[in-house]
Amino acid sequence: MQKAAALIEKNGDELAQLITLENGKPLWEAKKEVGTAVSWTEYYAGWTTKLSGDTIPVSLPGQFLNYTVREPLGVVGGITPPNYPLTMPLYKAAPALATGNTVVLKPSEDTSLVALRLAELFREAGFPEGVVNVVTGYGETAGAALANHNDVDKITFTGSTEVGRMLVKASAGNLKKLSLELGGKSPNIVFADADLEAALKGVFMGIFFCQGEICSAGSRLFVEQTIYDEFVAQLAGMAKSVRLGHGLDPETKMGPLVSRSQQERVLGYIEQGKAAKANVLAGGRKPDGLLAEGFFVEPTVFSQVTNEMTIAREEIFGPVVCALPFKDLADAIRQGNDSPFGLAAGVWTRDLHKAHQAAAALETGTVWVNCYNAFDNASPWGGFKQSGWGREKGPYGLDLFTQIKSVVVNFT
Ligand code: NAD
């Protein structure tokens with residue numbers, strides 16, 4: 001695994017280019033993704049020498065010894081979306097391999113080449129044939145075949161909540177284990193007492209990084225009503241200044257969406273927002289001119305949104321933020337939690353009490369305080385409510401790919 005990490009690093013420029021060409025994201029973002037891929041693979045390489053069980057203090061100590069071992073599950077199927085073409089397959093493969101499983105990856109149909117190149121690098125690193133496999137194809141054919149297969153012991157999935165539900169049904173045949181990293185509609189909450197300069201940057205990156213095609217996107221922005229107009233106007237100003245362009249152009253700050261269908265989906269939501277009388281402060285359309293033929297959507301800021309509108313309830317998965325005012329902490333929590341999703345949340349305040357009260361009350365798998373999208377290999381990741389099952393990353397991630405065997409020895 002250490003050799004695989006080194007090969008990913010060595011071939012980083014080529015992988016970054018491939019990511020940009022397939023996904024559209026700017027090269028500088030693709031390079032960051034390669035860096036994450038290297039450190040992630042190294043992180044789980046480290047776990048291979050640290051997988052231990054427990055000795056259990058059973059009630060008849062002089063007579064029975066009880067110990068546990070972690071064993072692999074067997075064949076792990078990994079089904080992934082296109083927003084992180086390199087790290088998504090690796091989020092599945094690295095912990096699965098580190099714990100002794102084999103993997104069959106089914107990458108997004110929009111970004112298969114990166115996954116195929118990754119499998120080549122694992123081969124080059126010395127993984128035996130058959131240990132790292134890639135099956136390309138569409139979800140309803142290749143993905144469904146993997147999910148229904150009786151020789152697959154586990155599916156680890158990242159994608160939409162809708163497909164997650166299908167996988168629950170598909171796994172029933174052999175009761176394969178299932179972990180799900182699903183969609184989100186994350187609240188990012190800005191109190192008037194926050195460091196507003198930092199909050200503005202955090203909110204901007206929280207929604208517009210990766211073209212907004214990120215599960216944790218802070219797509220519902222709640223701003224305390226005393227600063228709402230000013231804060232949202234500033235955010236709109238920043239959104240208007242974003243330079244869209246080809247991912248390989250070094251001047252580009254935001255690339256196109258991953259596909260024509262994703263572009264149409266996002267533009268469709270924007271039209272629904274306009275029809276519901278939300279106010280477009282920035283963007284709200286695809287660009288004209290040279291970029292008109294690409295899958296671009298202008299970074300979009302909606303004000304005058306209510307939490308009941310479709311644009312505030314459904315995941316858009318694009319560069320669109322809905323800004324809503326709130327009165328006080330209780331109101332922010334009530335509105336923030338009023339969602340079927342529970343992936344992540346952000347809180348911006350200088351008041352320690354408010355920060356901890358919000359962190360305790362928000363029904364999300366992660367709460368970021370005075371930061372956003374602050375990920376780490378060691379920090380658990382996963383959703384409450386309809387945002388998923390299980391926790392990836394860190395030691396929690398080991399539980400998704402192993403089963404505990406309990407050995408009881410009678411030595412009397
Ligand atoms: P998607 O659910 O449409 O597709 C994801 C993967 O599932 C693709 O490989 C697709 O081919 C496959 N698939 C589709 N139908 C299938 C079926 N019937 N059986 C088996 N596999 C099937 O999602 P998408 O549009 O590619 O990606 C965006 C979604 O991913 C968003 O909802 C986003 O929030 C989610 N996501 C979640 C996380 C997280 O960590 N929670 C991270 C990134 C993306």
Side-chain angles (χ1 to χ4, degrees), residues 22-25 33 36 40 77-92 104-112 114-115 134-149 152 155-173 176 178-186 207 209-219 257-266 269 295 313-318 320 339-344 364-366 373 375 379-393 396-397 400:
E22 280 202 302
N23 168 277
K25 69 174 72 174
E33 186 176 341
T36 306
W40 174 258
I79 304 178
T80 48
N83 59 340
Y84 284 86
L86 180 63
T87 49
M88 282 295 162
L90 269 172
Y91 283 157
K92 312 309 187 189
V104 183
L105 301 171
K106 206 304 275 175
S108 164
E109 50 273 29
D110 292 319
T111 56
S112 302
V114 178
V134 178
V135 177
T136 59
Y138 290 104
E140 57 274 25
T141 48
L146 192 61
N148 281 287
H149 205 292
V152 173
I155 291 288
T156 164
F157 173 70
T158 298
S160 62
T161 296
E162 187 191 351
V163 174
R165 278 197 195 92
M166 292 181 199
L167 296 180
V168 172
K169 290 186 188 142
S171 58
K176 58 174 67 66
L178 192 58
S179 46
L180 302 170
E181 293 292 343
L182 306 178
K185 193 77 191 174
S186 298
I207 182 62
F209 192 67
C210 200
Q211 294 81 237
E213 292 172 310
I214 184 163
C215 53
S216 56
S219 50
L257 299 189
V258 71
S259 63
R260 176 74 70 205
S261 64
Q262 188 58 18
Q263 181 200 33
E264 284 168 358
R265 198 168 161 261
V266 173
Y269 274 115
F295 309 151
R313 296 211 75 75
E314 295 184 10
E315 186 182 40
I316 297 177
F317 214 61
V320 181
S339 167
F341 297 107
L343 192 57
T364 56
T366 294
N373 280 342
F375 297 105
S379 182
W381 176 250
F384 280 23
K385 300 198 274 189
Q386 293 181 33
S387 289
W389 288 352
R391 292 293 175 273
E392 288 188 340
K393 305 194 174 181
Y396 291 92
L400 302 183

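It should be emphasised that the depicted structure is a prediction, and the values quoted were computed from it without experimental measurement. Just so you know, ligand 1 is whichever comes first in the structure, and atom 1 is the first atom listed for that ligand.
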Discussion item. If you count every heavy atom of other residues, nucleotides or ligands that lies below 6.0 Å from Tyr138 atom OH, does the total exceed 12?
Written reply: no
Return yes if some donor-acceptor pair links the side-chain N/O of [X] with the main-chain N/O of [Y] below 3.5 Å, else return no.
{"X": "Glu315", "Y": "Leu182", "answer": "no"}
{"X": "Asn23", "Y": "Tyr84", "answer": "no"}
{"X": "Lys176", "Y": "His149", "answer": "yes"}
{"X": "Lys385", "Y": "Ser339", "answer": "yes"}

N/O to N/O under 3.5 Å, ligand 1 against protein:
residue, atom, partner, partner atom, Å
ligand 1, 2 (O), Ser160, N, 2.8
ligand 1, 2 (O), Ser160, OG, 2.6
ligand 1, 9 (O), Thr80, O, 2.8
ligand 1, 9 (O), Lys106, NZ, 3.1
ligand 1, 11 (O), Lys106, NZ, 2.7
ligand 1, 11 (O), Glu109, OE1, 2.6
ligand 1, 11 (O), Gly139, N, 3.2
ligand 1, 19 (N), Gly139, O, 3.4
ligand 1, 30 (O), Gly159, O, 3.4
ligand 1, 32 (O), Glu315, OE1, 2.5
ligand 1, 34 (O), Glu315, OE1, 3.3
ligand 1, 34 (O), Glu315, OE2, 2.5
ligand 1, 40 (O), Trp381, NE1, 3.0
ligand 1, 41 (N), Leu182, N, 3.3
ligand 1, 41 (N), Leu182, O, 2.8

Fill in: Atom pair OG/CZ of Ser160 and Phe317 - distance to nearest 0.5 Å
9.5 Å
